[in-house]
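Each residue takes its place number in the sequence, starting with 1.
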Amino acid sequence: LDIAKGAFSVGIAIDLLGVSGLPLAAAIVAPVVGHVASPFLGGRGGKGTATAYGVLIPLTLPFGPVLMPLLLVALYKLVAPDGWAPVLSLLVVLVVLLATGAPFELPLAVAGIAGIVGFRYAGDLRGGLRLRIGRGARG
């Protein structure tokens, strides 16, 4: 449902409302902010990973909905602690957007989302990045 929340809100902003430019960047970031600081939960919420990928789906069709989860799963297997996987995967998406000449509001929004998700995983990120290669299972 968190993925759908992000995908539908951005899809509606783009397809039905024709939002573009900086208002589109705000429409991309808003569902993630609403998820991590939900007014329905007294300002608390989740980490934002699923909603972040949801908002990226309408922006990265047709490759994004397949590539992004594969990248996230691969990073969960390769890096520790787990909080590094969503942050690194968002940074990969950011680099791809910059390399492909995407309109400025898309990398701007993804950078904002990466910052939000990184803040939510701050405890994991403080411990440093370790590779899981050669360590067997999740360790």
* With side chain to side chain contact (heavy atoms under 4.5 Å, CB included) as the test, would you mind laying out the steps for Leu90 and Leu56 before giving the verdict? => CA-CA 10 Å; Leu90 284 165; Leu56 294 174; 3.8 Å; yes
* Asked: Would a 4.5 Å heavy-atom cut-off, applied to side chains only, mark Val93 and Leu67 as touching?
  -> no
* **Between CG on residue Asp15 and CZ on residue Phe8, distance to nearest 0.5 Å** => 11.5 Å
* For Arg120 and Gly45, indicate whether the former's side chain and the latter's backbone hold a donor-acceptor pair under 3.5 Å. => yes
* **Test side chain to side chain contact (heavy atoms under 4.5 Å, CB included) applied to Thr60 and Met68, step by step** => CA-CA 9 Å; Thr60 59; Met68 291 181 307; 3.6 Å; yes
* Report yes or no: does Trp84 contribute a side-chain atom to a donor-acceptor pair with the main-chain N or O of Arg130 at less than 3.5 Å? => no
* Closest heavy-atom pair and its distance - Gly48, Val32 -> O-CG1, 4.3 Å
* Structure fact -> Residues Ile113 and Ala52: closest non-hydrogen pair is CG2-CB, 3.5 Å
* Asked: Would you say Leu72 and Leu129 are hydrophobically clustered, going by side-chain heavy atoms of ILVMFWY under 4.5 Å?
  -> yes
* Given Leu88, Val87, Ile133, the one that forms side chain to side chain contact (heavy atoms under 4.5 Å, CB included) with Val79 -> Leu88
* **Polar side-chain atom of Ser38 near backbone of His35 as donor-acceptor pair, under 3.5 Å** => no
* Side chain proximity check, Leu78 to Arg132, heavy atoms < 4.5 angstrom -> no
* **Shortest non-hydrogen contact from Pro86 toward Tyr121** => CG-CE1, 3.6 Å
* To do: Report whether Leu41 and Val117 are members of the same hydrophobic cluster (ILVMFWY, side-chain heavy atoms less than 4.5 Å apart, transitive linking).
  => no
* Would you kindly confirm whether Leu71 and Val73 end up in one hydrophobic cluster when ILVMFWY residues are joined by side chain heavy atoms under 4.5 Å apart? => no
* Say whether, by atom type as modelled, one donor and one acceptor occur between the side chain of Ser9 and the main chain of Gly6 under 3.5 angstrom. => yes
* Asked: Under 4.5 Å between side-chain heavy atoms, hopping through other hydrophobics if needed: is there a path connecting Ile28 to Leu16?
  -> yes
* Asked: If you round to the nearest 0.5 Å, how far is CD of Glu105 from CG of Leu59?
  -> 9.0 Å
* **Shortest non-hydrogen contact from Asp82 toward Tyr76** => O-CE2, 3.4 Å
* Taking atom CG of Leu61 as the centre, does the number of heavy atoms from other residues, nucleotides or ligands within less than 6.0 Å exceed 12? -> yes
* To do: Output, in order, the C-alpha distance, side-chain angles, deciding distance and verdict of side chain to side chain contact (heavy atoms under 4.5 Å, CB included) for Ile116 and Val33.
  => CA-CA 8 Å; Ile116 293 166; Val33 171; 3.6 Å; yes
* Is any side-chain heavy atom of Ile14 less than 4.5 Å from a side-chain heavy atom of Val10? -> yes
* To do: Calculate, to the nearest 0.5 Å, the distance between atoms CG and CG belonging to Leu97 and Leu108 respectively.
  => 11.5 Å
* Is Leu24 close to Leu106 at the side-chain level, that is, under 4.5 Å between some pair of heavy atoms? -> yes
* Asked: Do you know the tightest heavy-atom contact between Pro58 and Gly11?
  -> CG-N, 3.8 Å
* Should Leu91 and Leu131 be regarded as members of a common hydrophobic cluster, given that ILVMFWY residues are connected when their side-chain heavy atoms come within less than 4.5 Å of each other, either directly or indirectly? -> yes
* Grab the two heavy atoms, one from Phe104 and one from Leu22, that are nearest each other, plus how far apart they are. => CE1-CD2, 3.6 Å
